[in-house]
Student: 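I am attaching a structure below and will ask some questions about it afterwards.
Just so it is clear: chains get the letters A, B, ... in the order the sequence lines come, proteins before strands, and each one is counted from 1.
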4 protein chains.
Amino acid sequence: MLNRVVLVGRLTADPQLKYTPNGVAVANFTLAVNRPFSNQQGEKEADFINCVVWRKPAESASQYLKKGSLAGVDGRMQTRSYDNNQGQRVYVTEVMAESVQFLEPRNQQSDNSRSDSANQRNQQQQQRQNEPDPFAGGSISISDEDLPF
Amino acid sequence: MLNRVVLVGRLTADPQLKYTPNGVAVANFTLAVNRPFSNQQGEKEADFINCVVWRKPAESASQYLKKGSLAGVDGRMQTRSYDNNQGQRVYVTEVMAESVQFLEPRNQQSDNSRSDSANQRNQQQQQRQNEPDPFAGGSISISDEDLPF
Amino acid sequence: MLNRVVLVGRLTADPQLKYTPNGVAVANFTLAVNRPFSNQQGEKEADFINCVVWRKPAESASQYLKKGSLAGVDGRMQTRSYDNNQGQRVYVTEVMAESVQFLEPRNQQSDNSRSDSANQRNQQQQQRQNEPDPFAGGSISISDEDLPF
Amino acid sequence: MLNRVVLVGRLTADPQLKYTPNGVAVANFTLAVNRPFSNQQGEKEADFINCVVWRKPAESASQYLKKGSLAGVDGRMQTRSYDNNQGQRVYVTEVMAESVQFLEPRNQQSDNSRSDSANQRNQQQQQRQNEPDPFAGGSISISDEDLPF
DNA sequence: TTTT
DNA sequence: TTTT
């Protein structure tokens, strides 16, 4: 039962870092992966692939990646479903990234090139690391049951 | 912009073979790929991954695979969206299979073990091959614009 | 720095199970992977790819696989070199399998279909598991320094 | 019989472009792919993986890549053997790259940052493209029989 | 809801 | 809507 995905593409937005009620880090981001060939109208197309990362690599991704970053992902495809607020079942396919590569040339300068939301996220995260907050992730809906291992 | 997926799993149902208005074969099937580990409730879980194949391998898949068959897929992840009849945008992620492997031990007997729908499909297909029908795929909604190349 | 390999093929011989001086299991086997197309002489060709597995999956591979078994491997390519007894440097490329799939239909009967060397190996292994031998792997040249992690 | 490899690494040297007697382009290069973890001595290690590309992507690789370039490869593992001049059989494992990605940020300037051998190669290549030389690849030992398709 |  |  093999299940392996490898992607290289660019983030469509800054990664979103959250914490489960138990304090486990999860980051979500979408990779835009350009298709090798143009379509019949001669347009360049891309696939937009949702990725999830857990634990340490989640925090690294959130720290080193931002909108537009070139990144590589090695992971597995996963599917799940939930009922939306209109009572309809929604099916989700995403990539559980086991490792994330930062393919952007190391940026020697300070991080002020970072997008605003990335800076904000970063501050929150730093805060969290200094004082392990009992309310960590308290208001978010991800659950420890989604943990891959 | 790498995009590569490799899967081995079992078909949840017989493949669905169709033809575009131009007579190009497309087959759809879903692979159930069991996860390597049990979840926190100790249950075995699986991912259900939708696959599409075009042209010759579509016809082979439809001929050699049926519900429950073990198959390998080598392809790319693709995303698309459409508006459903409630006017909502639905996002779809699927695997465009470039090659499909039949991992079931070659079945030496006649094919009467085949599920009913597989037999039906097969008859249709045979008919089609004998008399290339001008209405081929006439009533289906897939379009030649989805062709990968 | 992505490095990912996925293979499905047949073992050219029974796996070889050994133990490092520290008692860590390693298995070696070669997968014959048929090429998708025939060559210019119309002959079917295959690639013969050396694989290594460590620890638990090494013991499982040695237990469940034998010459001719269909198996899937998910791992990484590795290279190393050594000096042979003629004093020449030999370069080796192999696949470090992180997981091995047994794609043969579960064989319900006893294992007497097993090749002789597989049975032998198996006996040795069983012995080893019963009385953890201080000389384990004593006479073999693999080293704990090759351990992947 | 799946066989899929995806790599991201850096070229250890400029690619070597040659032509078969029939004028088909082949490029060879080695990718250094850093391992994710340090070894037991705390040293960072890398795997050095030989790659071959044919036809158009061979010429692109030779044009856009040089020693040190970050590149991605999507392809298949291949093995072959030959007898060296000491009459010994040498076994070779390499990656047949079906596609090569240039992951270096597009270099807006002229190409004078190119290594000398790259420039030389390039000139030769340009010459070849202008006047399709009857002696193309005349002195090299690669054969059209190695062509993948 | 999409990236360079 | 899910396979052995």
Side-chain angles (χ1 to χ4, degrees), chain A residues 1-3 7-16 28-35 43-51 65-73 77-84 88-94 102-105 113 115 117-118, chain B residues 1-3 7-16 28-35 43-51 65-73 77-84 88-94 102-105 113 115 117-118, chain C residues 101-108, chain D residues 101-108:
Chain A
M1 294 307 196
L2 297 166
N3 181 338
L7 303 170
V8 171
R10 291 187 181 278
L11 291 241
T12 62
D14 294 339
Q16 288 207 282
N28 289 274
F29 56 86
T30 298
L31 274 189
V33 184
N34 297 319
R35 297 199 178 159
E43 303 152 351
K44 288 286 221 143
E45 285 177 309
D47 295 292
F48 298 95
I49 299 170
N50 297 323
C51 301
L65 297 176
K66 60 174 204 289
K67 181 175 175 174
S69 300
L70 189 68
V73 154
M77 286 186 71
Q78 289 196 168
T79 56
R80 57 189 172 84
S81 64
Y82 64 90
D83 296 309
N84 68 8
Q88 290 150 131
R89 187 146 230 105
V90 180
Y91 294 91
V92 178
T93 300
E94 59 206 350
F102 313 130
L103 299 172
E104 217 62 34
S113 65
S115 68
S117 61
Chain B
M1 292 310 196
L2 298 167
N3 181 338
L7 303 170
V8 171
R10 289 188 182 279
L11 291 243
T12 62
D14 293 340
Q16 288 207 280
N28 289 274
F29 56 86
T30 298
L31 274 189
V33 184
N34 297 320
R35 296 198 179 161
E43 302 152 352
K44 287 287 219 141
E45 284 178 309
D47 295 292
F48 298 96
I49 299 171
N50 297 322
C51 300
L65 297 176
K66 61 173 202 290
K67 181 175 174 175
S69 300
L70 189 68
V73 155
M77 286 185 70
Q78 288 196 169
T79 57
R80 58 187 172 85
S81 63
Y82 64 91
D83 296 309
N84 69 8
Q88 293 149 129
R89 186 147 231 105
V90 180
Y91 294 91
V92 178
T93 299
E94 59 206 351
F102 314 129
L103 300 172
E104 218 63 34
S113 65
S115 68
S117 61
Chain C
Q101 299 306 312
F102 314 130
L103 299 172
E104 218 62 33
R106 195 114 242 73
N107 136 347
Q108 27 267 44
Chain D
Q101 298 306 312
F102 314 130
L103 300 172
E104 218 63 34
R106 194 116 241 71
N107 137 347
Q108 27 267 47

Student: With a non-hydrogen cut-off below 4.0 angstrom, is B:Gly68 in contact with a base, only sugar-phosphate, or nothing?
Tutor: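 Since only primed, P, OP1 and OP2 atoms lie under 4.0 Å of B:Gly68, the category is sugar-phosphate.
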Student: Rounding to an integer number of Å, can you tell me how far A:Arg35 CZ sits from E:dT4 P?
Tutor: 19 Å
Student: Side chain of B:Ala46: nearest nucleotide among F:dT3, E:dT4, F:dT1?
Tutor: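 Nearest to the side chain of B:Ala46 among the choices is F:dT3.
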Student: Taking only the side-chain heavy atoms of A:Thr12 (C-beta and beyond), determine which of E:dT2, F:dT3, F:dT2 contains the nearest atom.
Tutor: E:dT2
Student: What's the closest nucleotide to the side chain of A:Ala32 if the choices are F:dT2, E:dT3, E:dT1?
Tutor: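 Among F:dT2, E:dT3, E:dT1, the one nearest the side chain of A:Ala32 is E:dT3.
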Student: Does any non-hydrogen side-chain atom of A:Val8 lie less than 4.5 Å from one of A:Leu70?
Tutor: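 A:Leu70 vs A:Val8: side chains touch.
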Student: From C-beta outward on B:Lys67, which listed nucleotide comes closest to its side chain: F:dT3, E:dT2, E:dT3?
Tutor: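 Closest nucleotide among those given: F:dT3.
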Student: Whole-Å distance between E:dT3 P and B:Met1 CE?
Tutor: 12 Å
Student: Counting distance only, does the side-chain N/O of B:Gln78 pair as donor-acceptor with the main-chain N or O of B:Glu94 below 3.5 Å?
Tutor: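 Pair absent, no side-chain N/O of B:Gln78 close to backbone of B:Glu94.
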Student: Could you tell me how far apart A:Lys66 (NZ) and E:dT4 (C1') are, to the nearest whole angstrom?
Tutor: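 Distance check: A:Lys66 NZ to E:dT4 C1' gives 12 Å.
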Student: May I have the distance from B:Asp47 (atom CG) to F:dT3 (atom P), rounded to whole angstrom?
Tutor: 14 Å
Student: Once you round it to whole Å, what is the distance between P of F:dT1 and CG of B:Leu31?
Tutor: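 It is 19 Å, rounded to the nearest whole Å.
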Student: So, are A:Lys67 and A:Asp14 salt-bridged, with charged N and O less than 4.0 Å apart?
Tutor: no
Student: Whole-Å distance between E:dT1 P and B:Gln88 CD?
Tutor: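 Value for this atom pair: 13 Å.
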Student: Nearest whole Å is fine: how far is F:dT4 C1' from B:Leu103 CG?
Tutor: 14 Å
Student: With the side chain of A:Tyr91 defined as its heavy atoms from C-beta on, choose the nearest nucleotide among F:dT2, E:dT3, F:dT4.
Tutor: F:dT2
Student: Can you measure A:Arg10 atom CZ to E:dT1 atom P for me and round it to whole angstrom units?
Tutor: 23 Å
Student: How long is the span from the CG atom in A:Asp47 to the CZ atom in B:Arg80, to the nearest 0.5 Å?
Tutor: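 If we round to the nearest 0.5 Å, A:Asp47:CG and B:Arg80:CZ are 11.0 Å apart.
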Student: Whether the side chain of B:Thr30 engages the backbone of B:Thr12 through a donor-acceptor N/O pair (distance < 3.5 Å, no angle test) should be reported.
Tutor: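 Looks like no, no N/O pair under 3.5 Å.
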